[in-house]
Asks: 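Dropping a structure here in structure tokens format, bear with me for questions.
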Amino acid sequence: GMQDEFQNLTDAQIRAHLKNITFERISSVDDLKDRKLSGDIIRNAREKFRNAHDRFEKARDEYKEAKDEYKNALDEGDKEKALAHAKEVLSKSADAMISHLERLIAKIEENENIEEERAVEMIAKLNVHIDELEAIKAKIDAATTPEEVRAAAKELKQKWHELRHKARLFAEHVIESRIKNIIKRAELMEARLDTLLSKLEENGTEVDVDAQLDEFSSLVAAAKEHFRQAQDKLMQAQDSDSEEETKALVDEAKELSKQAHTELKDAHQVLVEILKKIKEAGASIELDVNATVEIESLDVESQTNAEASA
């Protein structure tokens, strides 16, 4: 039958045969983005991130130096010097927090997997926090007595407590937006595979990948569900006024994201097996696997979660 005939063809003939059935790109990976940003916007955001990152590192170093100077002044019993260095410690601490939030804004600005509306809302919220920190910093700089410094310190500490988990929340949003994109790519891949397999079948090439396809589909579906649950937790965390609740919700969201990420990694392994089987059946596949399921290490935590107050 047709299949024997197919098996006896040379590679070149098979390729020629398959030319007629290379399947159309159902959609380009670009269409999977939640918003399209110009190269300029992305470049500017990345530049902004680098600058904010440099400011963060600098503030952190100066904070540590000021802390040492403050201890020395205390040891020397020099009250005036101690007050000046205490102000410096607080001021640099505020700088670190501000630049940390600016890094997060830059990460959101360059991200095409966050809807425009959502990005605007998140950036507006982060800017409010920055303004509040700037106001506290002005109080620190204007303080002339130990009492004023203590009051400003207390305010800064409260603000950091409030912010600590909110900042993690925004960082987690950035991570999840990538997972969302991988899920979309995996679903696109599924559609492409279906098209490819039915075309191969029409051409008499039998490829038995039903079991793997089912596994691939159920892994992607599970990832999608865990991702959806993670998003719900983040939305709740964003609206929460309680520090404990925010922390708990962000932790749960992270766990769910991790699960989704693992499921997508497993789906990728199954996909590799499916493509291998299709190739072994003698079909050449014009599928760019890497473009479709590039599972990057999703640990942007290290970049975005460095704590401002040591």
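Just so you know, these numbers come straight off a predicted model, no measurement behind them. FYI, the numbering just counts along the sequence from 1.
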Asks: Side chain to side chain contact (heavy atoms under 4.5 Å, CB included) with Ala267: which residues, sequence neighbours excluded?
Replies: Phe216, Leu219, Val220

Asks: With a 4.5 Å limit on heavy-atom distance, are the side chains of Thr145 and Leu83 in contact?
Replies: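 No - every pair of side-chain heavy atoms lies 4.5 Å or more apart.
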
Asks: Does Ile105 reach the side chain of Ile130, with side-chain heavy atoms less than 4.5 Å apart?
Replies: yes

Asks: Can you check side-chain hydrogen bond (donor to acceptor under 3.5 Å, both in side chains) on Lys159 and His129, steps first, answer last?
Replies: CA-CA 9 Å; Lys159 185 68 196 158; His129 290 306; 2.9 Å; yes

Asks: Sort out for me which residue in Lys166, Arg164, Arg168 forms a salt bridge (Lys or Arg N to Asp or Glu O under 4.0 Å) with Glu243.
Replies: Arg164

Asks: When you look at Glu244 and Lys247, which way does the salt bridge (Lys or Arg N to Asp or Glu O under 4.0 Å) test go after all the steps?
Replies: CA-CA 5 Å; Glu244 273 74 47; Lys247 180 187 182 320; over 6 Å; no

Asks: For the residue pair Phe56 and His100, categorise the inter-ring angle as parallel (less than 30°), tilted (30 to 60°) or perpendicular (more than 60°).
Replies: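 Phe56 vs His100 ring planes: tilted.
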
Asks: With salt bridge (Lys or Arg N to Asp or Glu O under 4.0 Å) as the test, would you mind laying out the steps for Asp95 and Lys137 before giving the verdict?
Replies: CA-CA 8 Å; Asp95 281 343; Lys137 193 186 163 191; 2.9 Å; yes

Asks: Side chains of Val270 and Leu213: does their closest heavy-atom pair fall under 4.5 Å?
Replies: no

Asks: I want to check something: taking the side chain as every heavy atom from C-beta on, are Leu193 and Ile278 in contact at a cut-off of under 4.5 Å?
Replies: yes

Asks: Side chains of Lys279 and Lys276: does their closest heavy-atom pair fall under 4.5 Å?
Replies: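 Heavy-atom side-chain distance check fails, nothing below 4.5 Å.
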
Asks: Compare all side-chain heavy atoms of Arg46 with those of Ile42 and state whether any distance is below 4.5 angstrom.
Replies: yes

Asks: Keeping the roles fixed (side chain from Ser93, backbone from Val89), state whether a donor-acceptor pair exists under 3.5 Å.
Replies: no

Asks: Would you sort out whether Glu245 and Leu249 count as a side-chain contact (heavy atoms from CB on, under 4.5 Å), showing the intermediate values?
Replies: CA-CA 6 Å; Glu245 188 188 29; Leu249 287 164; 3.8 Å; yes

Asks: Quick one: does Lys199's side chain get under 4.5 Å of Leu196's, heavy atoms only?
Replies: no

Asks: Would you call Asn51 and Arg55 a side-chain contact if the rule is heavy atoms closer than 4.5 Å?
Replies: yes

Asks: Rounded to the nearest 0.5 Å, what separation is found between the CD1 atom of Ile123 and the CD atom of Glu121?
Replies: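 The CD atom of Glu121 is 11.0 Å from CD1 of Ile123, to the nearest 0.5 Å.
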
